[in-house]
Engineer: 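Quick one: structure below, then a few questions.
Chain letters run A, B, ... following the sequence lines, proteins first, then strands; residues in each count from 1.
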Number of protein chains: 2
Amino acid sequence: MAYHHGRLRESLIDAAVTAIEQEGLARLSLRDLARRVGVSHAAPAHHFGDREGLLTAIAADGFERLASVLEEAGDDFLEVGVAYVRFATSERGRFEVMFRPDLHRRDDPGLTAAMDRAGDVLRSGAAAEPGDDRTNGLAAWSLVHGLATLWNAGAISIDEGTEVEVVARAVAGVLFGRTAGATGGASPADPVR
Amino acid sequence: MAYHHGRLRESLIDAAVTAIEQEGLARLSLRDLARRVGVSHAAPAHHFGDREGLLTAIAADGFERLASVLEEAGDDFLEVGVAYVRFATSERGRFEVMFRPDLHRRDDPGLTAAMDRAGDVLRSGAAAEPGDDRTNGLAAWSLVHGLATLWNAGAISIDEGTEVEVVARAVAGVLFGRTAGATGGASPADPVR
DNA sequence: CGCTGATCTTGTCAATGGCAAGATCAGCCC
DNA sequence: GGGCTGATCTTGCCATTGACAAGATCAGCG
């Protein structure tokens with residue numbers, strides 16, 4: 001391998017996300033990441049400083065990605081919520097780091113900027129809802145965030161093979177079906193056993 | 001100090017919970033716990049085997065406590081939800097460990113029993129709600145769990161000094177106010193800024 | 001060619017988790 | 001009383017880890 005890796009920073013973030021999804025965030029080791037990528041054990045320090053720096057970078061990158069995903073979901077509040085859950089479960093490694101402030105350098109400008117951007121997108125989505133007091137927005141955010149978290153933790157017992165998206169749509173419908181009138185009724189088939 | 005500590009197991013759990021709330025789960029160290037309690041660095045191993053064993057014990061204990069708290073909250077679905085949030089935020093150290101299965105020994109009988117008990121209490125609370133399909137129950141659980149998680153992560157920006165309980169009541173009312181007819185309207189004062 | 005800064009490596013140290021072996025103690029039976 | 005037994009805790013040790021320091025390699029540029 002060449003002396004210069006070339007894309008070490010991105011490779012390390014990718015490797016970290018993969019490692020978290022495989023082994024769990026608890027077992028994440030900088031030296032293991034370096035081995036996975038094929039560099040020396042001290043190489044990560046150059047790009048991230050220390051462990052906290054790496055996790056801060058992962059979180060910042062994650063919030064940027066989340067913001068983009070939510071923007072692409074459009075204006076429909078329910079679709080934004082479904083996209084939120086889809087992101088949290090398909091990018092579990094990133095998501096788990098994002099909401100663990102004890103792992104971050106809170107004053108990192110890249111992180112705060114990314115969080116602000118994601119927060120703005122989330123709030124603009126909430127503004128599209130009728131009767132848009134902040135309480136409704138927080139309720140919606142809590143609902144999808146809680147569902148995603150519980151799903152990732154394996155705390156929800158559901159028929160094997162059920163897709164998150166179906167569950168998310170049904171659960172979100174309980175909240176939005178009454179306030180936004182999107183689907184206009186109870187859940188169609190009750191996917192939660 | 002006496003050779004035998006006497007209540008080492010409970011003391012270690014208490015110390016761990018305190019340490020997590022002070023320093024964060026990431027910085028939890030068995031040796032630091034031993035120092036806090038005043039025993040040698042190998043003493044915890046006797047009671048918990050390893051780090052995973054300690055965290056499993058904390059989680060099991062946490063689910064037992066959660067079940068008790070929810071039982072005491074009565075039959076009102078909204079009150080159970082508020083109690084859930086109150087527990088999660090006042091016992092943050094325990095709560096953070098409880099929903100991190102990557103830190104547990106999932107086959108531990110004490111843990112599975114405690115989880116089952118808490119799950120039963122949660123489901124019995126959901127059964128009290130009219131139109132009690134499982135989707136509504138999952139929505140309610142997701143809502144309070146998400147609110148608690150976001151609150152603990154410091155992700156919710158709210159006026160300084162606002163109490164979680166007030167927010168929880170308002171947010172939960174968005175869901176229950178329409179389905180269970182408990183409060184019967186929008187939040188009274190909109191505590192979320 | 002030689003300078004400069006960025007990138008990566010090697011070497012080292014303190015702290016940690018885990019294991020092994022032994023010391024201390026409480027309870028119990030004779 | 002005396003000794004056995006198991007539970008509890010300690011000391012000693014090792015591999016791994018995160019962090020730091022110093023040096024090696026490389027690309028770009030004058």
Side-chain angles (χ1 to χ4, degrees), chain A residues 1-20 22-59 93 96-97 100-108 110, chain B residues 1-20 22-59 93 97 100-105 107-108 110:
Chain A
M1 176 164 301
Y3 190 93
H4 282 72
H5 182 281
R7 300 169 24 94
L8 183 55
R9 190 187 153 92
E10 305 158 35
S11 297
L12 283 171
I13 292 183
D14 285 348
V17 170
T18 305
I20 291 170
Q22 286 174 347
E23 311 281 342
L25 180 51
R27 280 187 261 272
L28 186 69
S29 143
L30 290 183
R31 287 171 114 102
D32 177 58
L33 290 185
R35 279 190 292 266
R36 285 177 185 242
V37 177
V39 293
S40 82
H41 67 262
H46 176 71
H47 293 276
F48 303 107
D50 55 4
R51 183 187 164 90
E52 217 178 30
L54 168 64
L55 294 169
T56 301
I58 293 177
E96 284 185 17
V97 175
R100 289 283 307 277
D102 57 315
L103 302 176
H104 306 155
R105 225 183 301 278
R106 305 185 88 177
D107 54 347
D108 182 88
Chain B
M1 176 164 300
Y3 191 94
H4 282 73
H5 182 281
R7 300 170 23 96
L8 182 55
R9 191 186 154 90
E10 305 157 35
S11 297
L12 283 171
I13 293 184
D14 285 348
V17 170
T18 304
I20 291 170
Q22 286 175 346
E23 310 280 342
L25 181 50
R27 280 188 260 272
L28 186 69
S29 144
L30 290 183
R31 288 172 114 101
D32 178 57
L33 290 186
R35 279 190 293 266
R36 285 176 185 242
V37 177
V39 293
S40 83
H41 67 261
H46 176 71
H47 293 275
F48 303 106
D50 55 3
R51 184 188 164 91
E52 218 177 31
L54 168 64
L55 293 169
T56 301
I58 293 177
V97 175
R100 288 283 308 277
D102 59 313
L103 302 176
H104 306 156
R105 225 183 301 278
D107 53 346
D108 182 88

Engineer: Atom CG of B/D50 and atom P of C/dT16: how far apart are they, to the nearest Å?
Structural biologist: 17 Å
Engineer: For B/A45, report the nucleic acid contact type (base, sugar-phosphate, nothing); a contact means any heavy atom under 4.0 Å.
Structural biologist: nothing
Engineer: Decide salt bridge (charged side-chain N to carboxylate O under 4.0 Å, His left out) for B/D50 and B/R105; before the verdict, give the C-alpha distance in whole Å, the side-chain angles of both, and the deciding distance to 0.1 Å.
Structural biologist: CA-CA 11 Å; B/D50 55 3; B/R105 225 183 301 278; 2.6 Å; yes
Engineer: In whole Å, what is the span from the NE2 atom of B/H41 to the C1' atom of D/dA15?
Structural biologist: 14 Å
Engineer: Are A/L54 and A/H47 close enough that some pair of their side-chain heavy atoms sits under 4.5 Å apart?
Structural biologist: no
Engineer: Could you state the atom-to-atom distance from CZ of B/R27 to P of D/dT17 in whole Å?
Structural biologist: 20 Å
Engineer: With a 4.5 Å heavy-atom cut-off, do A/L25 and A/R100 have their side chains touching?
Structural biologist: yes
Engineer: Kindly say whether A/L28 contributes a backbone atom to a donor-acceptor pair with the side chain of A/R51 at under 3.5 angstrom?
Structural biologist: yes
Engineer: Choose from D/dA19, D/dT17, C/dC8 the nucleotide whose nearest atom is closest to any side-chain atom of A/L30.
Structural biologist: D/dA19
Engineer: Under 4.5 Å between any side-chain heavy atoms of A/I13 and A/F48, yes or no?
Structural biologist: yes
Engineer: Atom CZ of A/R7 and atom P of C/dT7: how far apart are they, to the nearest Å?
Structural biologist: 14 Å
Engineer: Calculate the interatomic distance between A/L28 atom CG and D/dG18 atom C1'; express it in whole Å.
Structural biologist: 12 Å
Engineer: Taking only the side-chain nitrogens and oxygens of B/S29, find out if one of them lies under 4.0 Å from OP1 or OP2 of C/dT16.
Structural biologist: yes
Engineer: So which nucleotide from D/dG18, D/dC9, C/dG18 ends up closest to the side chain of B/L8?
Structural biologist: D/dC9
Engineer: Nearest-Å distance, CZ (B/R9) to P (D/dT8)?
Structural biologist: 10 Å
Engineer: Compare side-chain N and O positions of B/R31 against OP1 and OP2 of C/dA15 and report whether any pair is under 4.0 Å apart.
Structural biologist: no
Engineer: What is the separation between atom CZ on A/R51 and atom P on D/dC20, rounded to the nearest whole Å?
Structural biologist: 14 Å
Engineer: Could you state the CG-P distance from B/L33 to C/dG18, rounded to the nearest angstrom?
Structural biologist: 12 Å
Engineer: Which one, C/dT7, C/dT9, D/dT10, comes nearest to the side chain of A/H47?
Structural biologist: C/dT7
Engineer: For the side chain of A/R35, starting at C-beta, report the closest nucleotide among C/dT9, D/dA19, D/dT17.
Structural biologist: D/dT17
Engineer: Look at the side-chain N and O atoms of A/H46 and state whether any lies under 4.0 Å from the OP1 or OP2 oxygen of C/dT7.
Structural biologist: yes
